[in-house]
Enquirer: 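So that we are looking at the same thing, I have put the structure below in structure tokens.
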Amino acid sequence: MEVIYEYAWLIPVFPLVGAMLVGLGLISLNQVTNRLRQLNAVVIISLMGAAMGLSLALLWSQIQGHAPYLRTLEWAAAGNFHLSMGYTIDHLTAVMLVIVTTVALLVMVYTDGYMAHDPGYVRFYAYLSLFGSSMLGLVVSPNLVQIYIFWELVGMCSYLLVGFWYDRKAAADACQKAFVTNRVGDFGLLLGILGLFWATGSFDFGVIGDRLSQLIETGSISNLLAILLAILVFLGPVAKSAQFPLHVWLPDAMEGPTPISALIHAATMVAAGVFLIARMYPVFEHVPAAMNVIAFTGAFTAFLGASIAITQNDIKKGLAYSTISQLGYMVMAMGLGSYSAGLFHLMTHAYFKAMLFLGSGSVIHGMEGVVGHDPALAQDMRLMGGMRKYMPITAITFLVGCLAISGIPPFAGFWSKDEILGSAFEVSPLLWLIGWVTAGITAFYMFRMYFMTFEGQFRGNDQKIKDQLQKGATSSPAPNFGPGAMKQGELAAHGGHHSHTPHESPWTMTLPLLVLAIPSIAIGLVGTPYANYFEEFIFPPSETLTEVLEKAAQFNPTEFYIMAGASVGISLIGITLASLMYLWRKINPAAIASQIQPVYELSLNKWYFDDIYHRVFVLGLRRLARQVMEVDFRVVDGAVNLTGLFTLVSGEGLKYLENGRAQFYALIIFGAVLGLVIVFGVT
């Protein structure tokens with residue numbers, strides 16, 4: 001087994017090699033590489049498959065009890081400063097490697113069907129492979145410096161993929177928004193890393209945690225400074241995992257193709273933030289105030305995302321706010337000290353959210369033939385309905401995802417979400433209440449999404465609705481394009497034809513959905529409170545297996561049934577309300593919205609965060625830039641221009657005095673002497 005660990009560095013290298021080969025082909029032999037599109041896809045998928053196989057072998061080895069493995073080499077040295085690079089394999093790394101590689105592989109298979117007619121098919125695969133490689137490199141990093149390098153690579157890849165259709169203004173704006181918003185968090189993370197190195201003299205996670213706790217105990221650094229450093233580090237995950245107040249980039253990231261939406265939301269970009277909190281847990285757990293900030297940030301984000309998702313009509317935007325909400329649960333769990341529960345929800349969420357996003361892509365693919373040359377409508381749930389009979393595989397898998405995220409037993413989301421809520425109740429009833437209410441809202445908006453899309457009558461041929469939606473889109477700067485849909489006219493250009501009914505997606509798209517449905521149903525069983533194998537495998541660095549087993553032995557079935565019953569009960573209430581409104585039409589949602597118009601508008605306008613940020617930061621910075629420009633024009637340029645003018649005038653004046661005639665110079669001297677005599681004579 002030791003041989004596997006010696007070659008573990010190949011896991012991020014395999015997809016990197018694929019990205020390099022395809023990228024070099026596109027640069028040097030563009031036409032030939034694009035003609036061999038299927039071959040390129042096979043190469044990249046095969047390399048990711050090899051990485052997945054090696055990851056599974058490492059996970060099995062860790063389950064069997066192999067000790068954590070660390071391999072480093074000295075990268076830089078100056079005096080007493082030594083910086084090492086390498087890779088580490090432990091329980092957390094092994095689980096994350098399997099999550100990333102399995103989801104990435106299935107997304108790559110799905111991409112073949114979804115992007116089949118896109119001229120950027122090969123380029124998209126190259127970006128996907130580089131994205132996967134960056135995330136895998138981040139996961140195996142043994143210190144903060146190496147994590148930061150791959151952290152930025154992940155951000156760069158998200159920029160490339162969100163703005164994949166860069167000739168669309170909406171996509172170009174979205175990738176810039178994602179990039180700038182993440183820079184805010186990353187700047188805080190960089191300051192935190194440098195501050196922790198200044199305080200502890202190390203970039204190693206465990207060493208930083210131990211030394212920081214000693215420094216706090218001895219009073220060598222103030223508790224306030226420790227809180228500041230911890231919160232600065234936390235700013236990185238706030239941006240990457242789309243936590244309040246840096247959550248605004250994630251819904252706009254839906255402008256990218258649906259496969260990348262699935263990868264970002266399930267296993268790469270947003271998972272990186274939660275992973276970093278887990279890696280830095282030895283630091284955070286010694287700073288209780290920072291843990292409270294993390295917990296309340298996560299709780300508020302969970303409620304915020306769910307409250308906005310209720311009113312979304314774009315199927316991908318609804319799922320995006322759902323991701324923000326679920327990430328809030330994970331971050332709240334970390335802040336509460338429920339380390340294993342947060343990671344457990346990260347794992348279960350990765351599979352059912354990937355399935356939901358790929359399912360939404362399948363729906364969009366099926367709708368494109370119906371909506372003609374306006375693919376923006378392909379994502380609007382108001383034009384869907386009754387699609388279950390046209391797309392049975394997509395409908396069944398989407399329903400499984402809705403049940404899982406709603407926390408209905410025995411689906412995966414029930415076990416992980418219930419563990420988080422149970423931990424919250426023990427620590428803070430207020431946080432439990434927020435999480436409990438959010439669980440009910442989650443069930444409501446997810447089944448609203450399911451019923452609007454797959455049940456009832458198909459509305460895609462209702463010209464009246466189409467006209468209303470197109471009329472409402474005229475105020476948009478890019479009404480012809482919808483987030484994640486194909487470009488306008490692309491369907492017709494590649495042999496597509498108009499149809500009156502949707503169609504099921506090809507097997508390359510439905511097969512990943514069916515595969516992802518299996519863990520969405522069953523993977524939660526590894527973390528049941530009766531036998532929590534997941535917690536026994538992944539536990540906080542500060543605890544021992546003996547402590548974990550002792551805690552598990554204290555399991556109270558009555559308490560579990562009460563807590564689980566409460567969470568399932570609120571979810572069933574949410575599902576029932578969604579059924580009454582959108583399936584059986586017994587309650588009119590429009591009438592309710594009119595009764596609570598301010599609340600409805602608050603949700604519909606995303607709590608006005610985008611508007612506030614636009615006015616304060618975008619317009620405010622433009623005004624500041626104009627003022628700076630005025631200072632530059634009037635003061636800086638004025639000083640330079642005045643110097644030039646003075647030089648010009650003095651030069652012009654002196655040229656008449658410097659004429660080379662001695663009589664003229666004598667006259668000047670006589671005049672000067674005469675002037676001095678008069679001045680001094682008067683005085």
Enquirer: Got more than 12 heavy atoms from elsewhere within 6.0 Å of OH, Tyr87?
Expert: yes

Enquirer: Closer than 3.5 angstrom, by distance alone: can the side chain of Glu74 be matched with the main-chain N or O of His82 as a donor-acceptor pair?
Expert: no

Enquirer: Among Tyr281, Phe537, Tyr339, find the residue that satisfies the side-chain contact (heavy atoms from CB on, under 4.5 Å) test when tested with Leu92.
Expert: Tyr339

Enquirer: Show, in sequence, the C-alpha distance, side-chain angles and deciding distance for Lys353 and Thr323, and conclude whether the side-chain hydrogen bond (donor to acceptor under 3.5 Å, both in side chains) test is met.
Expert: CA-CA 8 Å; Lys353 185 51 64 70; Thr323 300; 3.1 Å; yes

Enquirer: Are Val331 and Ile294 close enough, and set up right, to give a side chain to side chain contact (heavy atoms under 4.5 Å, CB included), and what steps lead you there?
Expert: CA-CA 6 Å; Val331 172; Ile294 293 171; 3.6 Å; yes

Enquirer: Salt bridge check: are Asp611 and Lys606 linked by an N-O gap of less than 4.0 Å?
Expert: no

Enquirer: I'd like to know if the side chain of Ser202 pairs up with that of Thr200 as donor and acceptor (distance under 3.5 Å, no hydrogens or angles considered).
Expert: no

Enquirer: Parallel, tilted or perpendicular: which one describes the rings of Tyr530 and Trp415, with boundaries at 30° and 60°?
Expert: perpendicular

Enquirer: Any non-hydrogen side-chain atom of Phe14 less than 4.5 Å from a side-chain atom of Met48?
Expert: no

Enquirer: For Tyr5 and His66, take the angle between the two ring planes, folded into 0 to 90°, and tell me which bin it lands in: parallel under 30, tilted 30 to 60, perpendicular over 60.
Expert: parallel

Enquirer: For residues Val162 and Trp249, determine if any side-chain heavy atom of one lies less than 4.5 Å from a side-chain heavy atom of the other.
Expert: no

Enquirer: For His345, is there any backbone N or O sitting under 3.5 Å from a side-chain donor or acceptor partner on Thr348?
Expert: yes

Enquirer: Any ion pair linking Arg279 and Asp90 (charged N to carboxylate O, less than 4.0 Å)?
Expert: yes

Enquirer: Between Arg211 and Asp204, is the closest basic N to carboxylate O distance under 4.0 Å?
Expert: no

Enquirer: Can you confirm if the aromatic rings of Tyr613 and Tyr608 lie within a centre distance of less than 6.0 Å?
Expert: no

Enquirer: Kindly indicate whether the side chain of Val293, heavy atoms from C-beta on, has any atom under 4.5 Å from the side chain of Ile227.
Expert: no

Enquirer: Please check if the distance between the ring centroids of Phe300 and Trp607 is under 6.0 Å.
Expert: yes

Enquirer: Does the cation-pi check pass for Arg183 over Phe179, that is, NZ or CZ under 6.0 Å from the six-membered ring centre and within 45° of its axis?
Expert: yes

Enquirer: Have Ser423 and Trp432 got a donor and an acceptor in their side chains that come within less than 3.5 Å?
Expert: no

Enquirer: For Met20, does the CE atom sit with more than 12 other heavy atoms under 6.0 Å from it, leaving out its own atoms?
Expert: no

Enquirer: Testing the 3.5 Å rule here: is there a donor-acceptor pair between the side chains of Arg71 and Ser84?
Expert: no

Enquirer: When the aromatic ring centroids of His349 and Tyr329 are compared, is their separation below 6.0 Å?
Expert: no

